[in-house]
Amino acid sequence: MPHGILGWLLIGLVAGALGKLIMPGKDPGGVIVTILIGIAGALLAFYLTPLLGLEVRDSTWQAYAAATAGAVILLALYRMVIARRI
């Protein structure tokens with residue numbers, strides 16, 4: 001696994017926690033699902049930022065901001081999908 005992806009996975013752990021702080025409330029699935037969504041958001045940011053023409057390197061504030069934004073977007077989508085199913 002390239003160092004970049006591993007770094008983004010670790011950033012995703014932090015992004016999941018930050019996403020939970022930004023979007024408080026009860027989530028179906030709890031903390032583990034929120035952390036996994038944070039990791040998925042970080043990986044999404046890892047792949048989308050170059051497509052958007054942004055150069056984001058590992059362990060910079062831009063990486064944390066991009067990963068947190070990805071986590072918040074995925075958490076919002078997750079809540080909408082789960083709310084629709086209930």
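All values below were derived from every heavy atom in this structure, side-chain atoms included, with hydrogens, water molecules and symmetry-related copies excluded. Residues: numbered from 1 along the sequence shown.
- Taking CG from Leu43 and CG from Leu74, the interatomic distance works out to 10.0 Å, rounded to the nearest 0.5 Å.
- The distance from the CD1 atom of Ile37 to the CG atom of Leu44 is 12.5 Å, given to the nearest 0.5 Å.
- Taking CD1 from Ile22 and OG1 from Thr68, the interatomic distance works out to 6.0 Å, rounded to the nearest 0.5 Å.
- Scanning both residues, Ala66 and Ala45, for their nearest heavy atoms gives O-CB, 3.5 Å.
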